[in-house]
**Student:** 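After the structure tokens below, expect a handful of questions from me.
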There are 2 protein chains.
Amino acid sequence: MPTTSDWVQALGAERAALGRASTAGRVADVLRAHITEGRLLPGTRLSEEDLGTALGVSRNTLREAFRLLTHEGLLIHEFNRGVFVRRLSVDDVRDLYRFRRVLECGAIRQVRESGTAPRGLEAVRRAVEEGEAAARERRWVDVGSANMHFHQGLAALAGSPRIEQAMRHVLAELRLVFHVMAAPETFHEPYLADNRRILQLLEDGDFESAERSLAIYLDDAEAQLTSAYAGS
Amino acid sequence: MPTTSDWVQALGAERAALGRASTAGRVADVLRAHITEGRLLPGTRLSEEDLGTALGVSRNTLREAFRLLTHEGLLIHEFNRGVFVRRLSVDDVRDLYRFRRVLECGAIRQVRESGTAPRGLEAVRRAVEEGEAAARERRWVDVGSANMHFHQGLAALAGSPRIEQAMRHVLAELRLVFHVMAAPETFHEPYLADNRRILQLLEDGDFESAERSLAIYLDDAEAQLTSAYAGS
DNA sequence: ATTGACGGATTGTTCAACAATCCTCCATTC
DNA sequence: GAATGGAGGATTGTTGAACAATCCGTCAAT
């Protein structure tokens, strides 16, 4: 007869979903979707009164939602002026990629130096296959998502919740950037081959080559994005 | 005749201090000081009503301050239960040091791979000397602060505002941990020699040795802290 | 010892109001 | 014509009170 403690622990994973009952949290979800999907353009000012009446929540609750998104880097809050959809500069893009290099390469390096078999490689593999499947069916938006999952999975190899969180943060900010591309839909497609190759290197245990490939990968993507920022 | 634009830009640095006029921001400052100095112990519940009346601010404003500190990792917010001073587990300590390894070693690595002379080494040198001076005069609290500045300076070598921010975040959380030490005052003192040595390696341009020394340094500090957590 | 119900206390959310600040427009001045 | 200065309206910052929802400890019942 199984004791309760085994599946009680399994329920713990869903607790985060339950805690999302907060009104401010749901409002933040709605706004985040609008921003990451490019419907709310960078620089747009978010009026407390207008949005509050539109969403049917009070100003105070709305401000709490603003704070959540501000922390995620999607909004910026200027005192006595209001909140705006964040507008990222070329320097920000460079900074984000510098951060990515440190986080993702650092995660791989951490795995290498620990000497143990990497935990979480299945998630990386899943992301690679998810991206390839989406590409075959020309679901470009899903290709982009899968690519995010791939890199999120790489960062997770470090086995550090805080590194994962930082990575989520970085990727959320990068979503703001992708909309400046001429064809954001197919931006990620060429990288699928790289993803597959890096996965193979990791599974072979050749972490040094994986790290080097990843660094080149990131330099490449950064260059592509910064050149798209020529005007801005 | 000098144009205005030269010192107008210099004023920009102080704008952050001016913007701190927000009531919630000041409340957060007060609470942060109490927490990092160990007057508010981990696990303590912060009642909205009590604190609100004590500090003379409304509940809504106080909740805003709570959000700020929650984002810094100093408080945790449990839905419908309230906010508590964060209590860090042994796993958290390990996680924080894993993150530090990635950030600090990554910063040095970034410098090495960029090939350019590191910008910001003066700040590191200043932190080292600040610590040695404080130790001579047995100002142990200042030794601790100087040590923080040293590592903050290392992370800043990457030249990335976001990495600096992440590092600030990590160090703020670590302050919660130092209070479990039996003698938190003298905890940092033995590391002054390491700081000096790492600085020397960096100034010599031997980034590889510096990174290795730093990694050992961090492993050592982590072991010392986790063993102090034996009971908890 | 476990379960269930009750009541007090705390948090979540909303609303209305006022103070402080910012933005725009316009008149003034040189 | 460009810079300065001030009135006015609009928006944000902050407060206090109120009510609903939830949690916590207690006590009775099985």
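All figures in this text were calculated on a predicted structure; none of them were measured in a lab. Quick note on labels: first sequence line is chain A, next is B, and so on, each numbered from 1.
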**Student:** Between B/Glu164 and B/Gln152, is there a donor-acceptor pair closer than 3.5 Å when you use the side chain of the first and the backbone of the second?
**Tutor:**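 Checked: no pair found.
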**Student:** Is the shortest side-chain N to carboxylate O distance from A/Asp95 to A/Arg98 below 4.0 Å?
**Tutor:**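 Result for this pair is no, no salt bridge flagged.
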**Student:** Could you give the CG-to-P distance, from B/Leu68 to D/dG13, as a whole number of Å?
**Tutor:**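 Interatomic distance, CG of B/Leu68 to P of D/dG13: 12 Å.
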**Student:** Before accepting this row, confirm whether a basic side-chain N of the pair A/Arg32/A/Asp29 lies closer than 4.0 Å to the acidic partner's carboxylate O.
**Tutor:**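 Yes.
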**Student:** By nearest atom, which of the nucleotides C/dT14, D/dA18, D/dT12 is closest to the B/Arg59 side chain?
**Tutor:**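 Closest nucleotide among those given: D/dA18.
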**Student:** Is the phosphate of D/dT14 approached by B/Thr61 (side-chain N or O, under 4.0 Å from OP1 or OP2)?
**Tutor:**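 Result: no.
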**Student:** Out of the candidates B/Arg168, B/His169, B/Met167, only one should pair with B/Leu171 under the side-chain contact (heavy atoms from CB on, under 4.5 Å) rule; please name it.
**Tutor:**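 The option that passes is B/Met167.
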**Student:** How many whole angstroms separate atom CG of B/Leu62 from atom C1' of C/dG12?
**Tutor:**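 Result: 14 Å.
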**Student:** Using C1' atoms of five pairs at each end, report the bend of the helix from C/dA1-D/dT30 to C/dC30-D/dG1 rounded to 10 degrees.
**Tutor:**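 Between the axes fitted at each end of the helix from C/dA1-D/dT30 to C/dC30-D/dG1 lies an angle of 30°.
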**Student:** Can you measure A/Phe79 atom CZ to D/dG13 atom C1' for me and round it to whole angstrom units?
**Tutor:**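 Distance, rounded to whole Å: 6 Å.
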**Student:** Just to confirm, is there a sub-4.0 Å distance from OP1 or OP2 of C/dG12 to any side-chain nitrogen or oxygen of B/Arg63?
**Tutor:**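 The answer is yes; a side-chain N or O of B/Arg63 sits under 4.0 Å from OP1 or OP2.
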**Student:** What is the distance from CD of A/Glu64 to P of C/dT13, rounded to the nearest Å?
**Tutor:**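 That distance rounds to 7 Å.
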**Student:** Which class fits the ring pair B/Phe178 and B/His188: parallel under 30°, tilted 30 to 60°, perpendicular over 60°?
**Tutor:**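 B/Phe178 vs B/His188 ring planes: perpendicular.
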**Student:** Are any protein N/O atoms closer than 3.5 Å to N/O atoms in nucleotides 8-11 of chain D? If there are, list each pair with its distance.
**Tutor:**
| from | atom 1 | to | atom 2 | distance (Å) |
| --- | --- | --- | --- | --- |
| D/dT11 | O3' | A/Arg45 | NH2 | 2.4 |

**Student:** Just checking A/His151 against A/Tyr217, ring centres under 6.0 Å apart?
**Tutor:**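 Yes.
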**Student:** Check this for me: B/Glu129, atom CD, are more than 12 non-hydrogen atoms of other residues, nucleotides or ligands nearer than 6.0 Å?
**Tutor:**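 Count over threshold, so yes.
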**Student:** Would you call B/Arg87-B/Asp92 a salt bridge at under 4.0 Å N-O?
**Tutor:**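 Salt bridge flag = no for B/Asp92 with B/Arg87.
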**Student:** Could you state the atom-to-atom distance from CG of B/Asn60 to C1' of C/dT11 in whole Å?
**Tutor:**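 Value for this atom pair: 12 Å.
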**Student:** Hey, are A/Arg100 and A/Glu104 close enough for a salt bridge, meaning a charged N less than 4.0 Å from a carboxylate O?
**Tutor:**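 Result for this pair is yes, salt bridge flagged.
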**Student:** Taking atom C1' of D/dC23 as reference, at what distance in whole Å does atom CD of B/Glu78 sit?
**Tutor:**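 The answer, rounded to whole Å, is 12 Å.
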